[in-house]
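Worksheet: one structure, shown below.
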Amino acid sequence: MTELETWQLAAIRAGDTGVFSSWLAGAEPVLRRALRPFAAMVDTEAVLQEGLLKVWQVAPTVKEDGRPEVLLRFAHTVVRNQAVSEARRLRTLPAGATPPPDSDPPVELSPPDPMLRERIGVCRDKLPGKPKSVLKARLEAEGNTHDGVLAEGLGMSLNTFLQNFTRARKLLAECLKKAGVDLALELSP
Amino acid sequence: MTRDEELLVEKTLTSYRRRGIDGEIQPSPAWADLSPQLRETAFEETVKLRKVERALGMSSTVRAVLDRIHRG
């Protein structure tokens, strides 16, 4: 366990949301990938958010164990247990059935990629008006506003909003591909 | 994928999720209407979208979790 991890864990235990926010940014992609086997069984977005909230609530009790990334390994267990529990509740994982095998616990956070950031920024700026505005609206909503409300704010029906969002995603992916970035490959484990 | 299926998948890609009476974060209603194959597609598209969001600042999942923490 590095000095940085020790400091980070102490700050999170003490309730520092700024430090937790930095940790979350690196942990989220890693933990989402661990939910891949549950994709058809549970709404992984809801499970991940609920799991991350539990991590924040229980973080003060997490103790160092001398190995790297104790909080990430703890979060991996919390999120996976949340997925199993939700799959049983929804009966997409029948009682008595064995859950999908666990992947290896993560050993490092996902680092930021400045080159990818620059390329995505360039492609985002090239989007035409409506797709760009719906992308901006969802990003600024910070996950706390229903798409119907965002659509209304932009003077669109919900379906038009969603169609524009699909278009924005496709145009971004095409633009990135031309720049040599394949998001599907970028996201491989 | 049909246009209706595409819209259904798109509805699940937002990080917005309602809370239940017990305070738990609820699954997207649209997710329940997806076939197993479309749920896999929705997962893959969500991963890609969050990567884009993260590159532009912070993923909307992280923002949603932090918002819930700040609201208490």
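Treat the numbers as computed from the prediction; the structure is a model and nothing was measured. Just so it is clear: chains get the letters A, B, ... in the order the sequence lines come, proteins before strands, and each one is counted from 1.
- Rounding to the nearest 0.5 Å places CG of Leu66(B) at 9.5 Å from CG of Leu52(A).
- Heavy-atom distances place no part of Gln57(A) under 4.5 Å from chain B, backbone and side chain included.
- With values rounded to the nearest 0.5 angstrom, Asp43(A) atom CG is found 11.0 Å from Phe43(B) atom CZ.
- For residues 157-172 of chain A, the interface with chain B (any heavy-atom pair closer than 4.5 Å) comprises Leu158(A), Asn159(A), Leu162(A), Gln163(A), Phe165(A), Thr166(A), Arg169(A), Lys170(A), Leu172(A), sorted by residue number.
- Inter-residue side-chain proximity for Met58(B) and Glu28(A) is flagged as unmet; no heavy-atom pair is nearer than 4.5 Å.
- Here Arg63(B) contributes atom CZ and Ser21(A) contributes atom OG; the two are 9.0 Å apart, rounded to the nearest 0.5 Å.
- Proximity to chain B involves both the backbone and the side chain of Arg36(A), based on heavy atoms less than 4.5 angstrom apart.
- In terms of heavy-atom pairs under 4.5 Å with chain B, the best-connected choice from Thr145(A), Val47(A), Leu35(A) is Thr145(A).
- Of the atoms belonging to Gln49(A), heavy atoms from both backbone and side chain fall under 4.5 Å from chain B.
- Of the possible polar contacts, one joining the Arg54(B) side chain to the Ala25(A) backbone as a donor-acceptor pair under 3.5 Å is found.
- Of the two parts of Asp147(A), only the side chain, counted from C-beta on, holds a non-hydrogen atom closer than 4.5 Å to a non-hydrogen atom of chain B.
- Atom CG of Leu183(A) and atom NZ of Lys51(B) lie 8.0 Å apart (nearest 0.5 Å).
- Separation of atoms CD1 (Ile25(B)) and CD (Glu45(A)) is listed at 9.0 Å; rounding is to 0.5 Å.
- At least one side-chain heavy atom of Leu13(B) sits less than 4.5 Å from a side-chain heavy atom of Arg138(A).
- With no hydrogens or angles considered, a side-chain donor-acceptor pair links Arg32(A) and Thr61(B) at under 3.5 Å.
- No side-chain heavy atom of Pro36(B) sits under 4.5 Å from any side-chain heavy atom of Met41(A).
- Here the straight-line distance linking atom OH of Tyr16(B) with atom CG of Leu150(A) works out to 10.0 Å at 0.5 Å rounding.
- Of the two parts of Gln82(A), only the side chain, counted from C-beta on, holds a non-hydrogen atom closer than 4.5 Å to a non-hydrogen atom of chain B.
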